[in-house]
K.L.:
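Below you'll find the structure I mean.
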Amino acid sequence: MKIVTWNINSIRLRLPSLLNLISTLNPDIICLQETKCPDDKFPYDELIKIGFQHIAIKGQPSYNGVAILSKVKIKSILHHDFCNKKDSRYIGIETAKTKNIGPLIIHNFYVPAGGDEPNPEINEKFQHKLLFLDEMKDYLSESIKKPIGQIVTGDLNIAPHENDVWSHKALKNIISHTEIEINKLNTICNPEKWCDALRHEILDSEKIYTWWSYRNKDWEKSNRGRRLDHIWITKNIEELKKDILIYKNTRNWDRPSDHVPVMITI
DNA sequence: ATGGTTGTTTAACAA
C-alpha cells in the first residue's frame with residue numbers, strides 16, 4: 001500500500017499536477033494539505049473517475065483545507081476542531097481492512113505555520129501553533145490507545161533535526177526550527193510509540209528537505225530547503241514499512257507547489 | 001539586515 005502526503009497549495013490550480021503524480025506513483029491513499037478550496041468546489045468527479053472513490057475532505061475558502069483521497073474503502077472519518085478555530089487543519093480516516101493490511105487510522109495534519117516573530121507573547125500566530133501542538137499531543141496520545149496501526153502525515157511546519165534545514169545556525173531563531181516548537185514536536189513523536197519514517201530511513205547526518213521557498217530565484221541551485229512534511233507510523237506496524245520516497249521532481253514541474261510529495265510504501 | 005514569490009480573493013492576507 002502506497003500512501004502519499006503533499007501540501008498541494010491549491011488543489012484547483014494544481015489538479016493537472018495531482019493527476020500527473022497519481023499516474024506516475026500510483027498511490028492508494030493521498031493526504032493533501034492547503035487545498036484552499038471550499039467543499040462545494042472540490043474536484044470530486046475527476047478523482048472518482050480515476051479510482052479514488054473514497055474521499056474525506058475538510059475545506060474552507062481561501063486558506064488551509066485538508067483532504068484524504070483513497071482507493072481503499074473508508075470505514076469512518078475523523079474530525080477534530082483544534083484550538084476551537086473552526087478552520088480546516090485536520091482530517092483523519094479509519095480504513096477498512098484489506099487483504100494484506102489494515103484497518104489503519106491515518107491522521108492528516110496541516111499545522112499552523114506560525115508567522116514570523118518567534119515570540120508567542122507578541123505573535124498570536126506562533127501562540128496558535130504552540131497551542132495546536134499541545135492539543136495534537138493530547139489527541140494523538142488518546143488515539144494511540146486504539147490497538148490498530150496508525151499513521152501521522154502532513155505538513156507539520158516544523159523541521160526538527162539539524163539536518164532538516166539548510167543551516168541549523170541561520171535558522172535557529174526562524175519559526176519552523178526554533179527550540180520551543182521542536183521540543184513540543186519531539187514530545188509528540190515519542191520514539192517509544194512512533195517511528196519518524198523519513199529519519200528512520202535516512203541517516204541523521206544527511207540533509208532531508210521537502211519544501212523550498214518560492215522566494216529563491218533558483219531553488220535547486222540555492223537549495224535552501226527544510227523538512228516540513230512528515231510521515232510517522234506506530235511501532236506496531238513498523239515492520240511493515242518497505243520504502244520512503246521524496247518526490248523532488250515535482251518542484252521542477254510547471255507552476256509547482258513549494259512543497260514536494262512524500263510517499264511511504266507499507 | 002533586507003527582500004525575495006505565490007495563491008486566493010478582490011487590497012489584503014497568509015505562507
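Letters A, B, ... are given to chains in the order of the sequence lines, protein chains preceding strands, and every chain is numbered from 1.
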K.L.:
So what does Lys125(A) hit on the nucleic acid, given a heavy-atom distance under 4.0 Å: a base, only sugar-phosphate, or nothing?
P.N.:
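If one applies the 4.0 Å heavy-atom cut-off, Lys125(A) turns out to touch the sugar-phosphate alone, with no base involved.
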K.L.:
To the nearest Å, give me how far apart CD1 (Ile8(A)) and C1' (dT6(B)) are.
P.N.:
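Those two atoms, CD1 and C1', are 15 Å apart.
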K.L.:
CG of Asn216(A) versus C1' of dT6(B): gap in Å, rounded?
P.N.:
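Between C1' of dT6(B) and CG of Asn216(A): 13 Å.
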K.L.:
Starting from P on dT6(B), measure out to CH2 on Trp212(A) and report it in whole angstrom.
P.N.:
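Interatomic distance, CH2 of Trp212(A) to P of dT6(B): 17 Å.
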K.L.:
Mind calculating the distance between NZ (Lys85(A)) and P (dA14(B)) to the nearest angstrom?
P.N.:
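Taking atom P of dA14(B) as the reference, NZ of Lys85(A) is at 10 Å.
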K.L.:
Hey, does Arg14(A) reach any base, or is it just sugar-phosphate, or nothing, if we go heavy atoms under 4.0 Å?
P.N.:
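Answer is sugar-phosphate: Arg14(A) comes under 4.0 Å of backbone atoms only.
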K.L.:
Can you see if the side chain of Arg12(A) gets near the phosphate of dT9(B) - specifically, an N or O under 4.0 Å from OP1 or OP2?
P.N.:
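Arg12(A) to dT9(B) OP1/OP2: side-chain N or O found under 4.0 Å.
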K.L.:
Could you pick out which residue, Asn7(A) or Arg224(A), lies toward the 5' side of DNA chain B when each is mapped onto its nearest nucleotide?
P.N.:
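Comparing both residues, the 5'-ward one is Arg224(A).
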K.L.:
Does OP1 or OP2 of dG7(B) have a side-chain N or O of Arg255(A) closer than 4.0 Å?
P.N.:
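For dG7(B), OP1/OP2 do have a side-chain N/O of Arg255(A) under 4.0 Å.
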K.L.:
Which value, in whole Å, describes the distance between the C1' atoms of nucleotides dA14(B) and dT9(B)?
P.N.:
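It comes out at 12 Å once rounded to the nearest Å.
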K.L.:
Starting the side chain at C-beta, find the nucleotide from dT5(B), dA15(B), dC13(B) nearest to Tyr214(A).
P.N.:
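The nucleotide sitting nearest to the side chain is dT5(B).
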K.L.:
For the pair made of CG in Leu15(A) and C1' in dG7(B), what is the distance, rounded to whole Å?
P.N.:
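Those two atoms, CG and C1', are 16 Å apart.
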K.L.:
Check Glu238(A) with Lys235(A), please: is the shortest side-chain N to carboxylate O separation under 4.0 Å?
P.N.:
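Yes.
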K.L.:
Going by an N to O cut-off under 4.0 Å, is there a salt bridge joining Lys241(A) and Glu201(A)?
P.N.:
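Yes.
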K.L.:
Quick one: which of dT5(B), dA15(B), dT8(B) gets closest to the side chain of Glu34(A)?
P.N.:
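Side chain of Glu34(A) sits closest to dA15(B).
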K.L.:
Determine the interplanar angle of the His259(A) and Trp211(A) rings, folded into 0 to 90°, and report it as parallel if under 30°, tilted if 30 to 60°, perpendicular if over 60°.
P.N.:
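Tilted.
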K.L.:
Between atom CZ in Arg215(A) and atom P in dA15(B), what is the gap in whole Å?
P.N.:
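Going from Arg215(A) (CZ) to dA15(B) (P), I get 11 Å.
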K.L.:
Look at the side chain of Thr35(A) and the backbone N and O of Leu32(A), then say whether any donor-acceptor pair between them is shorter than 3.5 Å.
P.N.:
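Such a contact is absent between Thr35(A) side chain and Leu32(A) backbone.
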K.L.:
Report the distance from atom CD1 of Ile158(A) to atom NE2 of His177(A), rounding to the nearest 0.5 Å.
P.N.:
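Here the rounded value is 11.5 Å.
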K.L.:
Tell me whether the side-chain N/O atoms of Ser62(A) come closer than 4.0 Å to OP1 or OP2 in dT9(B).
P.N.:
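Yes, within the criterion.
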K.L.:
Would you measure the distance from the C1' atom in dT6(B) across to the matching atom in dA11(B) and give it in whole Å?
P.N.:
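16 Å, rounded to whole Å.
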K.L.:
Can you check whether Gln150(A)'s main-chain N or O pairs, donor with acceptor, with Thr234(A)'s side chain at less than 3.5 Å?
P.N.:
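Yes; judged by distance alone, with no hydrogens or angles, the pair exists.
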K.L.:
Tyr63(A) OH to dT6(B) P: how many Å, rounded?
P.N.:
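The answer, rounded to whole Å, is 18 Å.
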K.L.:
Assign Arg89(A) to base, sugar-phosphate, or nothing according to its heavy-atom contacts below 4.0 angstrom with the strands shown.
P.N.:
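It contacts sugar-phosphate atoms only.
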K.L.:
Check the distance between dC13(B)'s C1' and Asp87(A)'s CG and give it to me in whole angstrom.
P.N.:
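Interatomic distance, CG of Asp87(A) to C1' of dC13(B): 15 Å.
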K.L.:
When the C1' atoms of dG3(B) and dA15(B) are compared, how many Å lie between them, rounded to an integer?
P.N.:
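Roughly 15 Å separates the two C1' atoms.
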K.L.:
Among dT9(B), dT8(B), dA15(B), which nucleotide sits nearest the side chain of Pro61(A)?
P.N.:
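When the side chain of Pro61(A) is considered, dT9(B) is the closest of dT9(B), dT8(B), dA15(B).
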